[in-house]
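Here's the structure we're looking at; comments come further down.
Atoms within each ligand, like the ligands themselves, are counted from 1 in listed order. Being a predicted model, the structure only gives us computed values, none of them experimental.
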Amino acid sequence: MKRNRLLTLICFLAGMVLSAEAQDTSASKGTRLSLIPQPLNVIEAPGSFSLKPGTSIVIDGGDKELKRTASILSAHLKSLTGFSIPVKTGAKGNVITLSLKDAPDSLEKEGYLLVSTPEGLTLRANTNQAIFYGMQTIYQLLPPNGELQASNQITIPAVTISDKPRYGWRGMMLDVCRHFYPVDFVKQFIDYLAMHKMNNFHWHLTDDQGWRIEIKKYPNLTKTGAWREGTLIGAYSNDQKFDSVRHGGFYTQDQIREVVAYAKERYINVVPEIEMPGHAVAALSSYPELSCTGGPFKVGKTWGVYDDVFCAGNEKTFEFLENVLTEVAELFPSSIIHIGGDESPKTRWKVCPKCQARIKAEGLKDEHELQSYFIKRIEKFLLTKNKDIIGWDEILEGGLAPNAAVMSWRGTEGGIAAAKQHHEVVMSPNSHLYFDHYQGKASGEPLAIGGYTTLERVYSYDPTPAELTKEEAKFIKGVQANLWTEYIPETEKVEYMVMPRMAALAEVAWTQPSEKNWEDFKRRMEDQYGRYDKMGINYSKSAYNVRQKIVIESARSRATVTLSTDSDQPQIFYTLDGSEPNTGSKTYLKPFDLFRTATVKAAAFKNGKQIGKTSVQSVVFDK
Ligand code: ACM
Ligand code: ZN
């Protein structure tokens with residue numbers, strides 16, 4: 001092909017192309033550690049502490065709770081080593097000490113100080129919760145595969161770690177309405193949060209497609225509202241088809257108490273969400289008199305937003321919600337309750353005589369102010385139960401309730417607006433923290449709702465917007481990711497969508513920006529994957545998918561191909577003739593040039609096995 005010919009390059013690339021950065025592994029040089037989330041302060045030293053027969057755990061100060069934590073540690077270490085590491089109240093020799101004495105005030109409530117030397121390991125904190133976090137760090141100091149090393153022992157590197165979180169709210173939401181998951185899985189999900197040092201589990205319990213919490217006063221909610229007669233097949237479209245499989249389930253109040261207690265032992269607060277005024281079709285199917293039209297309704301079989309919402313003009317609506325919330329407030333010790341507030345169309349309210357009469361009687365401007373009236377009334381009621389409310393950012397419309405916290409999901413604008421009004425904010429923008437979005441090129445992923453939220457994109461998120469003053473920024477209480485489950489019928493797929501993005505979220509929530517480092521995170525993730533493997537988690541390997549970036553230089557009839565992944569120093573093999581890459585193919589070391597038509601197929605390999613999907617891109621040179 002001659003120079004200066006007209007060059008047309010056709011690139012078949014469905015996904016997004018991100019540029020590959022130069023590899024910078026400086027942050028990882030020489031370290032023996034792979035902690036996630038990265039602690040505030042880490043000083044490594046030569047030598048190690050050895051777990052071996054005769055090692056014991058000693059508790060210093062504290063009470064039954066510390067003893068319980070120590071027993072959990074003891075059991076975990078025994079399961080790894082095979083020998084007993086008993087809990088004692090005083091012991092000499094090779095000892096792990098858990099202490100609630102003499103921890104610096106600067107560690108506050110969630111920080112810990114961990115000192116490991118060849119002579120012993122000491123974990124010190126001001127609270128049991130922080131000891132629990134330090135214990136998660138101890139687990140990560142152990143070899144990820146947990147294998148015994150030489151001479152029947154496991155070593156923990158000598159290190160001093162002083163650590164505390166950046167944000168006080170570190171969480172994840174799980175939608176159990178679009179698909180229902182059993183209690184045991186909910187507990188497993190809580191375990192995943194705990195190992196990532198998260199402290200809030202937001203449980204989305206009611207929606208159009210299912211009501212999932214037993215309410216004694218309103219049995220129809222679970223008799224009728226917990227079940228749908230079928231579910232949309234495939235992606236949401238204009239031509240919808242449904243299966244006729246009855247789907248549903250709910251948690252009894254005993255099960256709710258069981259989950260709350262389980263979470264508490266892991267220092268996780270459970271925030272229930274009861275949706276209002278929208279996303280209420282399951283409730284309205286059970287009690288149609290609470291709607292504007294009177295129904296009848298059927299529990300939703302498809303996704304999206306439904307026009308039928310709770311009638312804001314009907315006193316019975318408030319009586320119902322107050323009774324429901326009274327039971328909810330008793331079940332959940334959380335000081336904050338999520339009242340939804342998102343995606344509530346005003347269609348019915350605009351033509352409902354009762355709603356219009358309410359607007360008139362209360363001197364409201366429009367239906368947005370009616371929604372604001374609704375939420376304020378619920379807030380006032382919940383304050384009598386000593387509960388604050390949090391709602392999705394639509395609760396800003398028509399005026400925020402006086403004490404309401406805002407969960408910013410439609411980007412960060414709602415969170416910024418709320419912080420400027422001195423309301424507390426939890427950031428969970430769909431731009432970075434919706435884990436129902438694709439994490440790799442859609443063509444290589446199971447069906448998802450849309451989006452493109454790679455591990456790197458999650459990692460890159462900073463919850464405190466630059467637009468805020470220092471004073472306003474104090475209202476950013478934290479951050480969470482959300483898992484909506486329209487396209488997630490199985491628990492295995494929940495794990496796939498959530499992991500490993502939860503690890504990136506953990507670091508967004510816990511680690512100070514000065515300590516964050518994407519290149520080093522990728523290195524640490526290699527051990528984190530080992531931990532997930534050991535736990536049998538069905539995590540996604542999409543971070544190993546190869547991205548191709550092709551830069552065309554027409555003047556020189558040249559295309560430069562750069563291959564990258566979201567994994568550490570990937571071993572990438574590629575072909576140019578359309579054949580499947582294998583370990584005998586060309587090794588990718590650095591960007592390469594193409595001068596003629598080719599189909600680039602590339603994949604990452606680990607221990608001789610392909611990991612992640614093959615990426616294909618055709619480059620056509622034409623006249
Ligand atoms: C939401 O995603 N509708 C809060
Ligand atoms: Zn109405």
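- When SG of Cys355 and SG of Cys292 are joined through the Zn ion (ligand 2), the resulting angle is 110° to the nearest 10°.
- Taking the ring centre of Phe132 as origin, the terminal cationic atom of Arg266 falls outside the region bounded by 6.0 Å and 45° from the ring axis.
- Annotation: cation-pi pair Lys516/Phe521 absent, no NZ/CZ under 6.0 Å from the ring centroid and within 45° of its normal.
- Remark: side-chain polar atoms of Gln439 are not paired, donor with acceptor, to backbone N or O of Val498 under 3.5 angstrom.
- Rounding to 10°, one obtains 110° for the angle at the Zn ion (ligand 2) between SG (Cys311) and SG (Cys352).
- Annotation: cation-pi geometry satisfied between Lys301 and Phe242 (NZ/CZ under 6.0 angstrom from ring centroid, within 45° of ring axis).
- For Lys541 and Tyr539, the positive end sits near the middle of the six-membered ring, less than 6.0 Å away and at most 45° from its axis.
- Partner of Glu110 under the salt bridge (Lys or Arg N to Asp or Glu O under 4.0 Å) criterion, out of Lys164, Arg170, Arg166: Arg170 alone.
- Annotation: cation-pi pair Lys477/Trp169 absent, no NZ/CZ under 6.0 Å from the ring centroid and within 45° of its normal.
- Near ligand 1, heavy-atom contacts under 4.0 Å come from Asp342, Glu343, Trp392, Trp409, Tyr434, Trp484.
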